[in-house]
Enquirer: 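Below you will find the structure I want to go over with you.
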Amino acid sequence: MNYPKRFSIGKMYQREKGIYLKDNNCISQSQDHQTKYQIDYIKQGVKLQDVQLATFYLKNGLPYRGFKATDDIPINCLLVQVPRQLIISSRTAFESSQKAFYYKHRDFFIDHEEGEEHTIIAFLIMNKRKGFKSKYYRFIKQLPIDVNMLIFWSDNKLKLLQDENLINKVQKKREEYEQTYMIFKTIMDVTENEFQWAYTNLYTRDFGHNLKYKSMVPFCEFFNHECVDVHIVLLSENDQKEYNNQTQSQKEKKQGKKKVYQNEGFYAEEELQSVQSSSDSDNSLDLDQNESDLDNFIADQIIEWASKNQLEEQTYEILKDYLLFNLIKQNEQKSNNNKNQTKKIMNWKEDEDFDYFCISSQKTENFMKGAQVYFNYGRLSNRELLLRYGIAIEKNKYDHVYLRINTGKLLKRRVNRIFQKQYLSIKLKYTEFPFALLKFSKAIKESENQDYYDPESVLNIINIQTELKGLTKSIELLQEFKSEFKEDLVSSDFLLKNEQLDYDEYFALVYRLEKQRILQHNIILLKLAKEILQDPDRLQYTCSQYESSQYEYTYRIILKKYLDQILKQ
């Protein structure tokens with residue numbers, strides 16, 4: 001098929017949000033008024049390149065800290081460099097003067113699967129109690145007192161999320177938190193405020209997934225998250241010098257030639273990217289035990305259909321074994337992923353093998369002078385961002401929505417699954433065509449006038465009329481889900497400017513708003529697919545009412561896989 005040039009959904013959202021452009025509302029201190037924290041750490045070897053601390057504001061005026069670009073930032077620029085010896089890690093804590101204390105309670109600190117976290121929490125509390133006498137006084141002093149993690153939200157605020165499964169996950173996290181707190185209270189006589197402070201600052205500022213040990217890195221914790229090409233770089237002494245020389249050379253070349261930022265038209269050739277299918281970490285947020293996924297549902301349907309049609313015993317057994325093999329294989333992959341995430345018992349003997357921990361811009365767009373400079377925490381959905389950090393971001397390309405479908409209400413009784421689970425969960429993304437929803441919708445339509453159906457019509461594209469029925473039903477289902485939100489997209493976006501909202505209410509609203517955006521995004525995808533199928537001549541690329549801008553061209557790229565299957569017929 002003759003498609004137009006491709007656009008990345010991530011880049012599209014970056015431009016819509018003005019990620020790389022100057023923020024006229026931020027407030028930064030002049031270099032003459034540096035904080036004692038900044039002065040102290042710069043003396044110890046921390047370097048800030050083209051960035052400085054600043055205060056930014058949410059849409060409703062709530063302030064938060066971050067980094068501002070003091071100049072146009074070139075690609076491959078080391079924004080922050082921190083000598084390894086300044087990092088507070090679980091190894092740092094263990095090798096401190098409190099080593100005997102950790103050995104005294106080794107079952108909680110050394111031999112425990114959460115021992116690393118426990119060790120740093122204790123270390124933070126001990127050093128906070130020392131005050132000025134602590135070597136880490138400046139670092140401890142600047143850590144925020146506010147508690148904003150999801151487990152500390154009130155029950156009324158949790159209800160604002162309109163996500164029962166996420167709330168259940170929070171309740172489990174609360175139980176784990178309370179159990180850990182009671183042990184700390186027993187062995188250290190900590191107050192709840194002390195423990196909440198240390199617990200929150202560790203879990204919201206931990207860089208340990210990039211290092212051998214759980215770690216807190218001075219200054220780097222000020223970077224806020226966005227889907228940008230800014231990542232961690234670990235350098236040796238020689239690598240760091242070479243990297244800095246490259247950055248300086250790039251800055252000198254740039255002085256006589258300013259980059260032109262285009263606000264319309266196609267992206268520059270080097271910016272063109274295909275749509276990415278993200279492997280989000282949100283898979284760790286288990287669904288309710290009464291829910292199933294579409295693969296299990298379809299497996300049941302095929303086995304039931306084969307049995308009903310009295311296939312030869314050998315054929316039936318082969319079919320059953322094939323389906324079970326595929327499902328078992330999927331479960332094994334999930335199990336292996338969980339094993340990889342299993343906590344390790346620490347001995348803190350191995351040293352880190354780098355000299356500088358750096359945050360670096362990579363090879364995509366540059367931040368303009370005055371823009372907020374972000375760091376990419378990873379491929380995190382808003383669900384995961386809320387659970388870990390108590391935040392949600394607008395137009396997050398890694399975000400997704402779980403549709404909880406009551407199959408008993410939509411499918412005829414004898415077409416329902418053999419194993420009796422009430423709900424089916426279907427995942428919708430920004431970056432993929434909703435194949436799972438379409439398959440389920442075709443099953444609904446095929447079972448309206450009969451108890452059983454040929455699963456081939458659900459799993460594969462048999463004819464245009466079957467596809468049109470499925471597309472129509474999918475759109476109906478999404479519109480029903482969308483109507484369950486108390487605010488629509490326009491009013492939700494307007495409410496974000498409400499100065500009466502606190503931080504929790506603001507991010508809960510963003511979370512609901514993004515769910516609606518994903519639903520609307522998929523509704524448009526399905527409507528476009530339906531429009532094309534109703535006019536077979538348009539299966540080859542032609543213009544459409546949905547294709548008047550960059551955004552709508554992106555729909556066409558997501559549709560490609562589906563339309564290619566249609567063409568094969």
Side-chain angles (χ1 to χ4, degrees), residues 1 3-17 19 225-231 266-267 271-285 293-295 337 362 364-365 374 376-386 392-403 425-441 471 474-475 477-478 481-482 489 510-511 513-530 532 541 544 546-547 549-566:
M1 297 178 71
Y3 290 100
K5 292 183 178 180
R6 299 180 181 185
F7 299 104
S8 159
I9 282 184
K11 285 186 175 296
M12 177 185 74
Y13 286 155
Q14 287 171 359
R15 293 195 174 218
E16 287 184 2
K17 293 188 285 185
I19 293 297
H225 170 70
E226 257 295 353
C227 303
V228 295
D229 200 11
V230 177
H231 303 283
F266 289 103
Y267 298 152
E271 295 173 345
L272 301 180
Q273 295 182 3
S274 60
V275 176
Q276 296 180 3
S277 296
S278 62
S279 55
D280 6 61
S281 62
D282 197 51
N283 293 330
S284 63
L285 300 185
D293 59 28
L294 191 67
D295 292 327
N337 289 336
Q362 302 292 307
T364 56
E365 288 189 82
Y374 296 95
N376 194 330
Y377 293 3
R379 293 181 171 184
L380 304 179
S381 68
N382 277 347
R383 218 181 200 200
E384 190 76 16
L385 285 171
L386 270 171
I393 63 173
E394 291 189 75
K395 299 179 180 178
N396 177 3
K397 75 171 181 178
Y398 301 124
D399 204 11
H400 55 256
V401 170
Y402 280 112
L403 299 185
S425 288
I426 293 179
K427 191 175 185 179
L428 297 178
K429 298 182 178 182
Y430 276 124
T431 55
E432 293 181 2
F433 186 78
F435 283 105
L437 177 62
L438 179 56
K439 289 176 182 178
F440 179 74
S441 297
L471 290 168
S474 296
I475 293 168
L477 288 173
L478 290 184
F481 281 109
K482 194 164 172 279
L489 276 169
V510 170
Y511 187 64
L513 171 62
E514 285 309 296
K515 281 187 173 183
Q516 293 183 71
R517 280 199 177 121
I518 294 173
L519 292 174
Q520 183 62 26
H521 171 86
N522 280 273
I523 287 172
I524 294 176
L525 272 175
L526 293 165
K527 283 183 176 180
L528 179 55
K530 183 179 176 181
I532 293 171
Y541 176 72
S544 162
Y546 295 107
E547 296 168 15
S549 72
Q550 299 171 166
Y551 186 43
E552 281 71 39
Y553 277 126
T554 306
Y555 285 128
R556 175 67 72 168
I557 301 303
I558 298 175
L559 277 169
K560 183 181 188 302
K561 185 176 180 180
Y562 178 60
L563 296 181
D564 281 348
Q565 292 181 29
I566 298 286

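Given the structure is predicted, the values throughout are model-derived calculations rather than measurements.
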Enquirer: Taking the side chain as C-beta and beyond, is there a heavy-atom pair between Leu478 and Leu403 under 4.5 Å?
Expert: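 Of all side-chain heavy-atom pairs linking Leu403 with Leu478, at least one is under 4.5 Å.
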
Enquirer: To check you understand the geometry: which heavy-atom pair defines the closest contact between Leu386 and Ala392, and what is its length?
Expert: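 That closest heavy-atom pairing would be CG-CB, 4.3 Å.
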
Enquirer: Quick check against the 3.5 Å criterion: does Lys17 have a side-chain atom that pairs as donor or acceptor with the backbone of Glu394?
Expert: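 Here the side-chain-to-backbone pair exists.
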
Enquirer: Under the ring-ring contact (aromatic ring centres under 6.0 Å, His included) test, which residues partner Tyr377, sequence neighbours left out?
Expert: His225, Phe375, Tyr389

Enquirer: Please assess Phe433 against Leu526 for the test side chain to side chain contact (heavy atoms under 4.5 Å, CB included), listing each intermediate value before the final yes or no.
Expert: CA-CA 8 Å; Phe433 186 78; Leu526 293 165; 4.0 Å; yes

Enquirer: Looking at every non-hydrogen atom in both residues, tell me the closest pair between Asn396 and Glu514 and how far apart they are.
Expert: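 In terms of heavy atoms, the two residues are closest at N-OE1, 3.8 Å.
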
Enquirer: Go through it in stages, so that I can follow the logic: the residues are Leu438 and Leu471, the test is side chain to side chain contact (heavy atoms under 4.5 Å, CB included), and I'd like the CA-CA distance, side-chain angles, deciding distance and then a yes or no.
Expert: CA-CA 6 Å; Leu438 179 56; Leu471 290 168; 3.9 Å; yes

Enquirer: Would you name the heavy atoms of Arg517 and Leu489 that are closest together and state the gap between them?
Expert: CG-CD2, 3.5 Å

Enquirer: Can you tell me if Tyr13 and Glu226 form a side-chain donor-acceptor pair at under 3.5 Å?
Expert: no

Enquirer: How long is the straight-line distance from OG of Ser474 back to CG of Asn522, given to the nearest 0.5 Å?
Expert: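 So the CG of Asn522 and the OG of Ser474 are separated by 9.5 Å.
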
Enquirer: Under 3.5 Å, is there a donor-acceptor pair between the side chain of Glu432 and the main chain of Ile558?
Expert: no

Enquirer: Drop me the distance from Ile9's CD1 to Thr431's OG1, to the nearest 0.5 angstrom.
Expert: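 Nearest 0.5 Å value for the CD1-OG1 distance: 6.0 Å.
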
Enquirer: Does Tyr562 reach the side chain of Ile532, with side-chain heavy atoms less than 4.5 Å apart?
Expert: no

Enquirer: Could you walk me through whether Tyr398 and Glu384 pass the side chain to side chain contact (heavy atoms under 4.5 Å, CB included) check?
Expert: CA-CA 10 Å; Tyr398 301 124; Glu384 190 76 16; over 6 Å; no

Enquirer: Report yes or no: does Asn376 contribute a side-chain atom to a donor-acceptor pair with the main-chain N or O of Asp229 at less than 3.5 Å?
Expert: no

Enquirer: Any chance you could measure Leu525, atom CG, to Gln520, atom CD, to the nearest 0.5 Å?
Expert: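 Rounded to the nearest 0.5 Å, the CG-CD separation comes out at 10.5 Å.
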
Enquirer: Looking only at heavy atoms, which two atoms of Gly10 and Lys397 are closest? And how far apart?
Expert: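 For Gly10 and Lys397, the tightest heavy-atom pair comes out as CA-CD, 3.6 Å.
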
Enquirer: Between Leu559 and Ala529, what is the shortest heavy-atom contact and its length?
Expert: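 Distance-wise, the nearest heavy atoms are CD2-CB, 3.7 Å.
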
Enquirer: Are any side-chain N or O atoms of Asp399 and backbone N or O atoms of Tyr430, one a donor and one an acceptor, separated by less than 3.5 Å?
Expert: no

Enquirer: Which heavy atom in Ile426 sits nearest to a heavy atom in Phe440, and how many Å separate them?
Expert: CD1-CB, 3.9 Å

Enquirer: What's the spacing between His400 NE2 and Lys515 NZ if we round to 0.5 Å?
Expert: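 If I round to the nearest 0.5 Å, the distance is 10.0 Å.
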
Enquirer: Going by the rule ring-ring contact (aromatic ring centres under 6.0 Å, His included), which residues pair with Tyr511 if we only count those two or more places apart in sequence or in a different chain?
Expert: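 None.
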
Enquirer: How long is the gap from CD1 on Ile523 to CG on Leu477, to the nearest 0.5 Å?
Expert: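 These two atoms lie 10.0 Å from each other.
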
